[in-house]
There are 2 protein chains.
Amino acid sequence: MREPHHPSCGEFELPAVLHALSDPARLQIVRRLADGDECTCGTFDLGLSKATLSHHFRVLRESGVVRTRPDGRKRMLSLRDDDLNERFPGLLEAVLSAKRPPGVEALL
Amino acid sequence: MREPHHPSCGEFELPAVLHALSDPARLQIVRRLADGDECTCGTFDLGLSKATLSHHFRVLRESGVVRTRPDGRKRMLSLRDDDLNERFPGLLEAVLSAKRPPGVEALL
DNA sequence: GCACCGCTTCGGCAATCATCGAACTGTCGA
DNA sequence: TCGACAGTTCGATGATTGCCGAAGCGGTGC
């Protein structure tokens, strides 16, 4: 299986990364990956079709947020947290730590 | 002049904020504001029409990134950095500190 | 080889977005 | 009162996006 194209760390563009992270479904994917969860494409059950999921994976991959590694007939997804931190220090952490909903417990 | 609606800090939504920041024109606006530059709407010369600029201001305002204060026949724009930092700590700083283009000097 | 599996790619569709010119609103100064 | 000024709002338009089912494609295992 061909390795899909990934931008190098220096090719990352902030608007593209922010746009990739600005979709709730993609945000959920990123959070799952950050939790160290399993990372094949099929493990994401967001109520979306395979085609749509694949689309989101592509947006994340082409912006540099995520890496896709072919492994047999599966594809292993992983966060490019190292590259993101190098290029946009603190961004990923800020996005991930904003998990808490606007509820009261955010004040604790 | 009527004060336009601003979401409260608790109403901020991460995807909306990220989307607001994911447009190059809006990112430029935010950076100018962060530089402490003058802040009436008319001072932004991004090669866009008044109507388009006004649209971008609205996106920024409705997501919580920016505050608009009527002042005579002008409108003073300001970054809601305090509110953003409270709700999404580190996010704004990460976005702003990513100013440097993908050039070599980014490594310094 | 062949069927299955995991995922991508390909149209296509409806919704949203960025953009504009034109018309409008509210404010200030003459 | 009457412009000039600063912005907003109103259509309209073309581009992008999110979504899907169907078809395609490389790997695995029978």
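Computed over heavy atoms, backbone and side chain alike; hydrogens, waters and symmetry mates excluded. The chains referred to below are lettered A, B, ... by the order of the sequence lines, with proteins before strands, and numbering in each begins at 1.
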With sequence neighbours excluded, tell me which residues meet side-chain contact (heavy atoms from CB on, under 4.5 Å) with B:S78. B:R67
Can you tell me how far C1' of D:dG18 sits from NE2 of A:H19, to the nearest Å? 10 Å
What contact category does A:L53 fall into here, base, sugar-phosphate, or nothing, at under 4.0 angstrom with non-hydrogen atoms? nothing
Sugar-phosphate only, base, or nothing, as touched by A:R26 at under 4.0 Å among non-hydrogen atoms: sugar-phosphate
For C:dC17 and B:H56 - does any side-chain N or O of the residue sit under 4.0 Å from the phosphate oxygens OP1/OP2? no
Answer yes or no: side-chain N or O of B:K50 and base N or O of D:dG7 forming a donor-acceptor pair under 3.5 Å. yes
Do any side-chain nitrogens or oxygens of B:R58 fall under 4.0 Å of OP1 or OP2 in D:dT8? no
Taking the side chain as C-beta and beyond, is there a heavy-atom pair between B:R75 and B:T40 under 4.5 Å? no
Check whether any side-chain nitrogen or oxygen of A:T40 sits under 4.0 Å from OP1 or OP2 of C:dC7, and answer yes or no. yes
Could you check which of D:dC19, D:dG21, C:dA18 has an atom nearest any side-chain atom of A:L48? D:dC19
Distance check: side-chain N/O of B:T52 vs OP1/OP2 of C:dC20, anything under 4.0 Å? yes
Hey, is CD on B:E93 packed in by over 12 heavy atoms from elsewhere, all under 6.0 Å? no
